[in-house]
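Data first, discussion second: the structure below is written as structure tokens.
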Amino acid sequence: RLEGAERELLREISTYCSRTIRQARGTEDEELVGFAMQIVKKRALSSRRALLQTIEHRLDALDREEAREEPPPSAELREFQADLPQTEAQSERTARRILRSAIPKDEHRRRAEVRALKRIRTLLRKLADHDPKIEVLVSELKRIVADDPSEKVIVFTEYRDTLDAIRARLDADPEFQEQYVVLHGGLTRRERLRRQDRFAEPGTRLLLATDAASEGLNLQQHCRRIIHVELPWNPNRLEQRNGRVDRYGQTRPPIIRYLYYPDSP
């Protein structure tokens with residue numbers, strides 16, 4: 001749950017996205033702007049680091065014409081909107097191109113966006129260092145380990161920025177230092193297998209993963225717990241992640257949890 005300045009930040013983001021979409025209605029860039037605001041909302045609900053990176057991309061393109069990019073092809077946009085399976089690199093690239101191409105031609109609209117985004121960035125920088133969502137995640141992980149030190153947990157997130165923020169937080173905590181492995185896109189098959197084997201070792205408690213780990217991994221023999229840092233907007237993706245532990249050969253009831261802000265999209 002969010003209070004005070006944390007709650008105000010999400011309210012500012014919601015207001016900014018709604019206003020930007022409303023101002024784009026009836027223009028040729030209406031659809032693309034809608035996609036861009038969807039990205040802002042989703043990343044705001046993931047982590048502060050993901051939100052800050054998104055704001056910086058958008059501000060850079062609004063401020064500097066040379067920072068703008070061509071829109072993705074229509075087919076790529078449809079896949080992105082439907083949240084269909086993409087490689088991690090492709091998904092990141094598409095999101096970046098949308099943020100940097102959905103730029104209004106009208107200077108008044110551009111200036112209004114810049115002011116709103118700078119307000120959000122200022123609010124973001126004034127907040128305490130700790131991301132509330134990641135703090136709740138770490139508290140839950142500590143509770144699980146306290147109840148049963150042998151329990152392992154898979155933590156899924158949609159974004160590399162959020163994964164990196166979680167890693168930094170775990171590295172700062174002696175209880176979890178060097179007790180996790182990471183799976184993300186770009187790893188070779190050998191690297192994936194090696195990290196999967198390490199997760200099976202008694203001294204490794206956590207697997208931090210993006211959706212690159214939601215296919216082809218059978219972890220039911222070692223783990224029954226999954227925590228989703230944010231809810232994927234495509235339920236098929238959620239089920240694919242859960243299938244890493246909720247599958248034939250699992251001998252214990254799977255325990256699936258997800259983090260969300262009340263009253264959020």
Side-chain angles (χ1 to χ4, degrees), residues 1-11 13 41-54 123-184 195 198-211 213-214 219-220 222-233 237-238 241-242 244-246 252-265:
R1 294 187 177 277
L2 297 178
E3 303 294 338
E6 301 278 4
R7 194 173 181 85
E8 183 187 350
L9 175 65
L10 275 193
R11 196 160 47 232
I13 293 163
K41 285 181 184 177
K42 287 181 73 173
R43 298 201 177 208
L45 298 174
S46 180
S47 70
R48 286 190 195 156
R49 184 174 297 195
L51 172 62
L52 185 58
Q53 290 296 322
T54 303
L123 281 173
L124 197 52
R125 288 174 173 170
K126 282 182 179 178
L127 294 172
D129 290 340
H130 296 312
D131 188 313
K133 209 174 200 188
I134 294 175
E135 291 306 309
V136 169
L137 171 65
V138 172
S139 295
E140 176 68 3
L141 293 173
K142 289 189 174 189
R143 185 194 66 77
I144 291 168
V145 170
D147 288 347
D148 183 353
S150 68
E151 280 272 31
K152 296 177 182 289
V153 185
I154 304 170
V155 178
F156 271 113
T157 178
E158 192 168 349
Y159 305 115
R160 281 287 291 274
D161 293 329
T162 299
L163 186 144
D164 290 341
I166 295 169
R167 288 180 67 176
R169 177 63 180 85
L170 294 177
D171 286 341
D173 193 317
E175 192 168 348
F176 293 112
Q177 286 173 357
E178 299 181 2
Q179 296 196 12
Y180 66 85
V181 291
V182 177
L183 278 179
H184 54 70
R195 295 186 187 195
R198 191 179 157 209
F199 182 56
E201 295 172 1
T204 307
R205 291 173 169 171
L206 308 174
L207 172 64
L208 310 182
T210 61
D211 284 291
S214 64
L219 302 171
Q220 71 275 18
H222 315 297
C223 182
R224 64 169 176 160
R225 289 183 177 269
I226 287 178
I227 298 177
H228 303 277
V229 177
E230 64 282 301
L231 275 172
W233 289 17
R237 181 179 289 187
L238 190 70
R241 292 175 176 183
N242 293 345
R244 301 313 96 211
V245 302
D246 189 6
R252 300 177 295 166
I255 300 175
I256 313 293
R257 297 283 184 266
Y258 56 89
L259 289 163
Y260 71 97
Y261 295 120
D263 306 320
S264 65

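Note that these values count all heavy atoms, side chains included, but never hydrogens, waters or copies made by symmetry. Position 1 is the first residue of the sequence, and the numbers go up from there.
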Check whether more than 12 heavy atoms from other residues, nucleotides or ligands sit under 6.0 Å from atom CD of Q177, and answer yes or no. yes

Mind checking what makes side chain to side chain contact (heavy atoms under 4.5 Å, CB included) contact with [X], not counting sequence neighbours?
X    : answer
V182 : L163, R167, Y180, H184, R195, L208
H228 : F156, I226, L238, R241, N242, I256, Y258
Q53  : D161
R1   : P262

By side chain to side chain donor-acceptor pair (under 3.5 Å), E175 pairs with (sequence neighbours left out) none

Side chain to side chain donor-acceptor pair (under 3.5 Å) partners for K152, two or more places apart: none

Have a look at E6 and tell me which of R11, K126, R48 forms a salt bridge (charged side-chain N to carboxylate O under 4.0 Å, His left out) with it. R48

To the nearest 0.5 Å, what is the distance between [atom1] on [X] and [atom2] on [Y]?
X    : Y    : atom1 : atom2 : result
D164 : S47  : CG    : OG    : 9.0 Å
L183 : R198 : CG    : CZ    : 11.0 Å
I227 : R225 : CD1   : CZ    : 7.5 Å
T210 : R160 : OG1   : CZ    : 7.0 Å
R237 : D211 : CZ    : CG    : 4.5 Å
T162 : R49  : OG1   : CZ    : 9.0 Å

Check salt bridge (Lys or Arg N to Asp or Glu O under 4.0 Å) between [X] and all other residues, then give those that pass, not counting sequence neighbours.
X    : value
R252 : E151
K133 : none
E230 : none

Heavy-atom pair of closest approach, residues I134 and A165: CD1-CB, 3.6 Å

Specify the closest pair of heavy atoms between V229 and S46, including all atoms of both residues, with the distance to one decimal. CG1-O, 4.1 Å

For Y261, which residues count as a ring-ring contact (aromatic ring centres under 6.0 Å, His included) partner, sequence neighbours excluded? none

Anything under 3.5 Å between a donor and an acceptor, one on a side chain of residues 135-142, the other on a protein residue two or more places apart or in another chain? List them.
unit_1, atom_1, unit_2, atom_2, d
E135, OE1, R169, NE, 3.4
E135, OE1, R169, NH2, 3.2
E135, OE2, H130, ND1, 3.4
E135, OE2, R169, NE, 2.7
S139, OG, E135, O, 3.1
E140, OE1, R143, NE, 3.2
E140, OE2, R143, NH2, 2.8
K142, NZ, D173, OD2, 2.8

Within the side chain of Q179, is there an N or O that forms a donor-acceptor pair under 3.5 Å with the backbone of T204? no

Decide side-chain contact (heavy atoms from CB on, under 4.5 Å) for Y159 and K42; before the verdict, give the C-alpha distance in whole Å, the side-chain angles of both, and the deciding distance to 0.1 Å. CA-CA 10 Å; Y159 305 115; K42 287 181 73 173; 3.4 Å; yes

L10 pairs by side chain to side chain contact (heavy atoms under 4.5 Å, CB included) with which of L51, L123, L2? L2

